[in-house]
Amino acid sequence: MNKTVLTAIGALIATAAVAAPALAPDDLSSLGQPGFYGRLELGDDSPRPEIYFSEPRLVEPVAEYEDSIYLRVRQGESREWELYCSQYQACGRYVYFVNDDWYTAVYVPYYQERRHREGQLDSARRDENYREDHRNDEPRGDPGDGN
């Protein structure tokens, strides 16, 4: 390989290694946290999202219709969506961009409360399953009594 090409590849790798830590905090944030950017989970009981544009954005033609998705993106990305849609795997999807203030003030508390309720239900189900599984257990004698 040409030495110039190898040098260029090395420079790209070094640049990526330096830039990666700057992206880490956003990448590590998960849905329902203030630093999260990406697709929101909206269900029947979800609060109605406040969106930036009344019509969904689409970058690439759609071969088969899929439901629109709601995304929280960094400031300015929605205006030049064709440059950023691939980062969200959403170029071939109809996208609504949610308002940051709505996400922080309405969606985050809703999502955290929903997760808390689901955690309580999961815990109650585990307890009930444990009781069911051990209902017919008989008390065991003391290992030292010869039984």
Side-chain angles (χ1 to χ4, degrees), residues 5-144:
V5 172
L6 290 175
T7 303
I9 291 172
L12 285 172
I13 292 171
T15 302
V18 171
L23 298 175
D26 290 334
D27 293 343
L28 296 176
S29 294
S30 61
L31 182 59
Q33 294 181 351
F36 171 80
Y37 294 95
R39 185 175 176 172
L40 304 183
E41 295 175 7
L42 297 176
D44 293 337
D45 67 333
S46 299
R48 182 180 173 103
E50 293 178 14
I51 55 178
Y52 284 116
F53 308 108
S54 60
E55 295 294 319
R57 297 281 311 270
L58 176 69
V59 172
E60 296 176 357
V62 179
E64 185 175 314
Y65 178 79
E66 295 184 56
D67 287 337
S68 300
I69 58 175
Y70 292 85
L71 291 177
R72 179 177 187 228
V73 298
R74 290 170 185 84
Q75 186 174 359
E77 290 180 345
S78 62
R79 283 183 243 127
E80 298 183 84
W81 185 233
E82 64 280 356
L83 301 176
Y84 300 99
C85 64
S86 62
Q87 293 176 15
Y88 297 89
Q89 288 122 21
C91 293
R93 300 290 302 266
Y94 287 98
V95 175
Y96 288 103
F97 302 101
V98 300
N99 180 292
D100 282 335
D101 292 337
W102 173 85
Y103 175 82
T104 303
V106 178
Y107 186 79
V108 169
Y110 156 79
Y111 182 81
Q112 290 174 347
E113 173 60 27
R114 187 179 82 186
R115 295 289 301 219
H116 178 71
R117 282 192 319 263
E118 288 173 357
Q120 288 178 332
L121 287 173
D122 288 344
S123 178
R125 285 186 197 115
R126 280 193 303 273
D127 291 346
E128 181 60 30
N129 289 339
Y130 178 84
R131 285 191 295 275
E132 275 296 315
D133 291 346
H134 294 86
R135 181 170 287 160
N136 296 324
D137 287 354
E138 294 188 25
R140 303 185 193 279
D142 182 14

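Predicted model, so just to flag it, every value in this text is computed and none were measured.
- Residues R93 and D67 approach most closely at NH2-O, 2.7 Å, considering heavy atoms.
- The aromatic rings of Y110 and Y107 sit tilted relative to each other, their planes meeting at an angle between 30° and 60°.
- For the atom pair CZ of F53 and CH2 of W81, the computed distance is 11.0 Å after rounding to the nearest 0.5 Å.
- Q75 contributes atom CD, which lies 7.5 Å from atom CG of D100 (distance to the nearest 0.5 angstrom).
- Distance alone, capped at 3.5 Å, is enough to place a donor-acceptor pair between the E77 side chain and the R74 backbone.
- Between atom CG of residue L71 and atom CD of residue Q87 there is a gap of 11.5 Å, rounded to the nearest 0.5 Å.
- Heavy-atom minimum distance, C91 versus S86: SG-N, 3.1 Å.
- With hydrogens and angles ignored, the 3.5 Å screen pairs a side-chain donor or acceptor of R57 with a backbone N or O of S78.
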Steps toward side-chain contact (heavy atoms from CB on, under 4.5 Å) verdict (Y88, V73): CA-CA 9 Å; Y88 297 89; V73 298; 3.7 Å; yes
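- With hydrogens and angles disregarded, a donor-acceptor distance shorter than 3.5 Å links the side chain of R72 to the backbone of F36.
- For the atom pair CD of E82 and CG of L58, the computed distance is 11.5 Å after rounding to the nearest 0.5 Å.
- Interatomic distance, Y111 OH to L40 CG, rounded to the nearest 0.5 Å: 10.0 Å.
- Considering every non-hydrogen atom in both S54 and Y96, the closest pair reads O-CE2, 3.6 Å.
- One finds the OH atom of Y103 at 16.0 Å from the CZ atom of F97 (value rounded to the nearest 0.5 Å).
- In this structure, P47 and W102 approach most closely via the heavy-atom pair O-CZ2, 3.6 Å.
- Among all heavy-atom pairs drawn from G32 and Q112, the shortest one is O-NE2, 3.0 Å.
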